[in-house]
Amino acid sequence: DNDTTSRTGRSAEALAAHYLEQQGLTISARNYRCRGGEIDLVCHDGKTLVFVEVRLRRNTNFGGASSSITRSKQQRIALAAQHYLLTNAKTDAPCRFDCLLLDHLSSERIEWLRDAFSAD
């Protein structure tokens, strides 16, 4: 059901945010939304602005979490990133798109794909 799904999604994002903070990143925004796009986490990795997609897959029959980040999903993330930059960023900081892949709600099995895709 939708409540459980959104609760699980929030748990996955909280776990991912905690993991990234442990790796030295600073969380600037969670669940940033604009028309046509959404970003799970916006972080700073030093001077780099990082837009993070968090994927939780319990069932790996369809290729696991990474295969769920389709081209259209990437485009929606890129659209939201552009919107974020226009409305929030005060600098021309370098940007990248990362993905955090979770197979379970556990910090032991997090796969961090830095520079997972580009905005073009």
Side-chain angles (χ1 to χ4, degrees):
D1 90 341
N2 267 353
D3 258 7
T4 305
T5 303
S6 65
R7 242 193 332 270
T8 303
R10 282 193 302 272
S11 297
E13 286 167 17
L15 188 70
H18 181 71
Y19 174 82
L20 290 172
E21 286 173 332
Q22 287 180 316
Q23 306 303 314
L25 278 70
T26 306
I27 309 298
S28 299
R30 292 179 187 223
N31 293 308
Y32 180 82
R33 286 182 166 80
C34 68
R35 175 175 285 182
E38 178 187 353
I39 301 166
D40 294 331
L41 299 169
V42 181
C43 309
H44 286 275
D45 185 2
K47 293 191 184 322
T48 303
L49 198 54
V50 185
F51 300 101
V52 182
E53 174 67 10
V54 179
R55 302 306 281 181
L56 173 65
R57 276 288 166 92
R58 289 206 173 89
N59 184 336
T60 56
N61 290 350
F62 300 104
S66 63
S67 66
S68 70
I69 305 165
T70 61
R71 187 76 192 126
S72 68
K73 179 70 176 171
Q74 291 174 20
Q75 288 169 334
R76 287 196 301 276
I77 295 166
L79 180 82
Q82 284 179 315
H83 189 272
Y84 182 89
L85 290 169
L86 286 170
T87 56
N88 294 289
K90 309 289 184 269
T91 64
D92 289 331
C95 299
R96 73 170 193 255
F97 294 91
D98 289 5
C99 297
L100 249 66
L101 309 177
L102 293 79
D103 285 328
H104 301 282
L105 281 176
S106 160
S107 57
E108 262 109 77
R109 303 217 5 231
I110 293 178
E111 189 178 352
W112 181 7
L113 304 176
R114 287 176 182 82
D115 232 346
F117 60 90
S118 65
D120 37 77

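Along the sequence shown, residues are numbered consecutively beginning with 1.
Neither Leu79 nor Val52 shares a network with the other; the hydrophobic side chains, linked directly or stepwise wherever heavy atoms of I, L, V, M, F, W or Y lie under 4.5 Å apart, form separate groups for each. One hydrophobic cluster, built from ILVMFWY side chains closer than 4.5 Å, holds both Ile39 and Leu85.
Atom CZ of residue Arg109 and atom CG of residue Leu101 lie 11.5 Å apart, to the nearest 0.5 angstrom. Put simply, CD1 on Ile77 and OH on Tyr84 are 15.5 Å apart, with the number rounded to the nearest 0.5 Å. Annotation: the span from Gln82 atom CD to Phe51 atom CZ amounts to 9.5 Å, rounded to 0.5 Å. Atoms CD and CZ, from Glu13 and Arg55 in turn, are 10.0 Å apart once rounded to the nearest 0.5 Å. Atoms NZ and SG, from Lys47 and Cys95 in turn, are 14.0 Å apart once rounded to the nearest 0.5 Å.
Salt-bridge check for Asp45 with Arg114: failed, with every basic side-chain N at 4.0 Å or more from each acidic carboxylate O. Salt-bridge annotation for Lys73 and Glu53: present, with a side-chain N of the basic residue lying under 4.0 Å from a carboxylate O of the acidic one.
Although no hydrogens or angles enter the test, the distance criterion places a donor-acceptor pair under 3.5 Å between the side chain of Asp98 and the main chain of Asp115.
Among all heavy-atom pairs drawn from Ala12 and Val54, the shortest one is O-CG1, 3.9 Å. Heavy atoms only, all atoms of each residue included: Gly37 and Ala80 are closest at C-CB, 3.7 Å. Between His44 and Ser28, the shortest heavy-atom contact is CD2-OG, 2.7 Å.
A side-chain contact (heavy atoms from CB on, under 4.5 Å) with Leu15 is found for exactly one of Leu102, Leu100, Leu56, namely Leu102.
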Applying side-chain contact (heavy atoms from CB on, under 4.5 Å) to Asn31 and Asp40, what does each step give before you reach the verdict? CA-CA 4 Å; Asn31 293 308; Asp40 294 331; 4.3 Å; yes
Please list, one pair per line, the donor and acceptor atoms closer than 3.5 Å that link side chains of residues 17-27 to other protein atoms, with sequence neighbours excluded.
| residue | atom | partner | partner atom | Å |
| --- | --- | --- | --- | --- |
| His18 | NE2 | Gln22 | NE2 | 3.3 |

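Arg10 is linked by a salt bridge (Lys or Arg N to Asp or Glu O under 4.0 Å) to nothing, counting only residues two or more places apart in sequence or in another chain.
Within a 6.0 Å sphere centred on CZ of Arg35, heavy atoms belonging to other residues, nucleotides or ligands number 12 at most.
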